[in-house]
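First up is the structure itself, then whatever we jot down about it.
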Amino acid sequence: MKFFKQLISTPWGIALLVSVAAIVWLALSILLYRPFYKRFYDILLSAVAIVVLSPLLLVLTVLGAIKMGGNPIFAQERPGKKEKIFRLIKFRTMTNKRGPDGELLPDSERLTGYGRFLRATSLDELPELFNIFVGQMSIVGPRPLLAQYLPLYNEEQKKRHSVRPGLTGLAQVSGRNAITWEQKFEKDLDYVCRRSLWLDIKILWMTVVKVFRRDGISHAENVTMTPFAGNIEEDEREDVP
């Protein structure tokens with residue numbers, strides 16, 4: 001007890017205690033990252049981000065309401081961990097314009113200039129911080145895809161739902177919408193197998209670089225990724241409507 005009091009009474013002693021505490025915390029974060037610390041950091045970082053970015057979120061909400069002529073929020077059901085359905089929220093980037101037949105117009109015609117800006121800067125993804133905070137998503141993980149794709153996955157591809165979906169992921173920093181579905185699923189499964197503190201830090205860093213470079217925003221054939229048609233051969237896929 002006397003030694004501890006002497007230790008905290010000197011600058012070098014305090015520095016030593018802080019260093020030891022940091023080393024212990026880092027070691028625990030590495031060892032217990034999957035069962036505990038990943039979720040802990042998700043809550044902590046998403047909460048901090050929501051508070052810090054609240055002025056920007058408010059501005060984008062008001063601006064989106066003006067630009068989109070109404071509700072600025074896009075909400076859609078997506079499968080999460082263990083295929084549990086949740087409502088993903090994003091800032092709206094496309095209008096609801098429909099053709100004479102009452103069907104929605106193609107994405108390229110509904111995507112506005114403001115929407116392109118949001119996608120290019122990934123600002124449309126910011127509301128997902130609330131999905132992360134409540135536990136429906138993680139900061140890093142396979143991106144949550146459409147619920148209608150669930151019956152189309154093979155047994156290996158279904159493993160992407162063994163973890164929480166992410167705001168960003170290995171597939172996104174490896175090409176985002178510019179890679180094929182097969183490559184995307186390979187990256188998702190690779191992440192599920194190798195997920196760790198260091199891998200998440202690497203993906204977050206690569207995400208920042210990608211956002212500033214605006215890489216892989218749009219798929220070569222569309223303004224968004226072409227729909228997943230299931231596990232069929234390439235020549236058969238051409239016949240899928």
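Note that CZ of Arg164 and NZ of Lys82 are 9.5 Å apart. Values are rounded to the nearest 0.5 Å. Separation of atoms CD1 (Ile89) and CG (Asn131) is listed at 5.0 Å; rounding is to 0.5 Å. Note: Thr121 OG1 to Phe212 CZ = 10.5 Å, rounded to the nearest 0.5 Å. The line from CD of Gln157 to CG of Leu189 is 7.5 Å long, rounded to the nearest 0.5 Å. With rounding to the nearest 0.5 Å, the separation of CE in Met68 from CG in Leu63 is 9.0 Å. With rounding to the nearest 0.5 angstrom, the CG atom of Leu123 is 9.5 Å from the CG atom of Leu53.
Hydrophobic clustering (ILVMFWY, side-chain heavy atoms < 4.5 Å, transitive): Val24 and Tyr33 are in one cluster. Residues Leu146 and Tyr153 are members of one and the same hydrophobic cluster, defined by side-chain heavy-atom contacts under 4.5 angstrom among Ile, Leu, Val, Met, Phe, Trp and Tyr. Follow the hydrophobic side-chain contacts under 4.5 Å out from Val62 and you never reach Phe117; the two are in separate clusters. Hydrophobic clustering of Ile, Leu, Val, Met, Phe, Trp and Tyr side chains at less than 4.5 Å, counting indirect connections, keeps Tyr114 apart from Ile66. Clustering ILVMFWY residues whenever any of their side-chain heavy atoms sit less than 4.5 angstrom apart, transitively, puts Met206 in a cluster other than the one holding Val192.
Counting heavy atoms from C-beta outward, Arg39 and Asp42 have side chains that approach closer than 4.5 Å. In this structure, the side chains of Leu197 and Ile201 come closer than 4.5 Å at one or more pairs of heavy atoms. You'll find the side chain of Leu60 reaches within 4.5 Å of the side chain of Leu118, heavy atoms only. Contact check for Leu45 versus Ile132: no side-chain heavy atoms found under the 4.5 Å cut-off. Under the 4.5 Å side-chain criterion, counting only non-hydrogen atoms from C-beta, Leu88 is not in contact with Gln76. Arg34 has its side chain out of reach of Val163: every pair of non-hydrogen atoms, C-beta onward, lies at least 4.5 Å apart. Counting heavy atoms from C-beta outward, Tyr149 and Pro227 have side chains that approach closer than 4.5 Å.
Legend: residues meeting ring-ring contact (aromatic ring centres under 6.0 Å, His included) with Trp25, ordered by chain and number and at least two apart, are Tyr37, Phe40. Applying the side chain to side chain contact (heavy atoms under 4.5 Å, CB included) criterion to Pro79, with sequence neighbours excluded, gives Ile85, Ala147, Leu150, His161. Phe86 pairs by the ring-ring contact (aromatic ring centres under 6.0 Å, His included) definition with nothing, not counting sequence neighbours.
A pairwise comparison of heavy atoms in Arg87 and Ala75 identifies NH2-CB, 3.3 Å as the closest pair. A pairwise comparison of heavy atoms in Leu57 and Phe91 identifies O-CZ, 3.8 Å as the closest pair. Nearest approach of Ala65 to Pro72, heavy atoms of both residues: N-CB, 3.5 Å.
Here Glu128 does not pair with Arg78 in a salt bridge; the nearest charged N to carboxylate O distance is not below 4.0 Å.
Using modelled atom types and a 3.5 Å distance limit, the side chains of Thr112 and Lys67 yield no donor-acceptor pair.
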Worked check of side chain to side chain donor-acceptor pair (under 3.5 Å) between Gln183 and Thr180:
CA-CA 5 Å; Gln183 292 170 324; Thr180 66; 3.3 Å; yes

Could you please spell out the steps behind the side chain to side chain contact (heavy atoms under 4.5 Å, CB included) verdict for Met94 and Arg119?
CA-CA 11 Å; Met94 293 190 291; Arg119 290 191 180 191; 3.7 Å; yes

Derivation of the side chain to side chain contact (heavy atoms under 4.5 Å, CB included) call for Ile30 and Leu26:
CA-CA 6 Å; Ile30 295 172; Leu26 179 60; 4.1 Å; yes

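In this structure, the side chain of Asp188 does not engage the main chain of Leu170 through any donor-acceptor pair within 3.5 Å. At least one donor-acceptor pair closer than 3.5 Å links the side chain of Lys38 to the backbone N or O of Val140. Checked by atom type and distance alone, the side chain of Arg92 pairs as donor or acceptor with a backbone atom of Ile73 at under 3.5 Å. In this structure, the side chain of Arg143 engages the main chain of Leu167 through a donor-acceptor pair within 3.5 Å.
Judged by a 6.0 Å distance limit and a 45° cone about the ring axis, Lys184 is positioned over the six-membered ring of Trp181.
The residue from Tyr41, Trp205, Tyr191 that alone fulfils the side chain to side chain donor-acceptor pair (under 3.5 Å) condition with Asp200 is Tyr191.
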